[in-house]
Amino acid sequence: MEKFKEKNIEYRQFVERHKPSIENALREYLPIAPSNIETEFNQALDELLLEDEMRFRAVLTMLGAELVEGKASDVLPSAIAVEYIFLSSK
């Protein structure tokens with residue numbers, strides 16, 4: 001049980017450390033339509049992004065990189081793509 005608590009703490013620290021970069025990247029790479037075309041599209045995207053704040057899929061992608069001795073930051077664009085795919089399937 002003690003080992004589980006340690007891993008849970010490590011996971012939470014990982015999330016706290018990387019969540020700001022995930023949130024920033026989600027906004028940065030967001031495929032926003034020009035305002036003269038369709039604003040409802042942009043509103044729908046904003047609602048989807050606000051709906052799921054766990055970002056479990058993005059975090060899991062980044063954790064996977066570190067498990068194979070990579071850098072979480074190197075797979076951030078892929079992690080964001082995974083999050084977008086999940087959100088678009090809702």
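- Of all heavy-atom pairs between Glu83 and Phe56, the closest is OE1-N, 4.4 Å.
- The OH atom of Tyr84 lies 13.5 Å from the CZ atom of Arg57; values are rounded to the nearest 0.5 Å.
- Note that the CG atom of Leu67 and the CE atom of Met62 stand 13.0 Å from one another [nearest 0.5 Å].
- Going from atom CD of Glu16 over to atom CZ of Arg12 covers 8.5 Å, rounded to the nearest 0.5 Å.
- Ala65 approaches Lys71 most closely through the heavy-atom pair CB-O, 3.9 Å.
- Of all the heavy atoms in Ser78 and Thr61, the pair that sits closest is C-CG2, 4.4 Å.
- In terms of heavy-atom proximity, Leu26 sits nearest to Arg55 at CD1-NE, 3.2 Å.
- Between the CG atom in Leu60 and the OH atom in Tyr11 there is a gap of 7.5 Å [rounded to 0.5 Å].
- Residues Val59 and Val82 are members of separate hydrophobic clusters, defined by side-chain heavy-atom contacts under 4.5 angstrom among Ile, Leu, Val, Met, Phe, Trp and Tyr.
- The two residues Ala79 and Ala58 have their closest heavy-atom pair at CB-O, 3.6 Å.
- Taken from CD1 in Ile80 to CZ in Arg27, the straight-line distance is 11.5 Å, to the nearest 0.5 Å.
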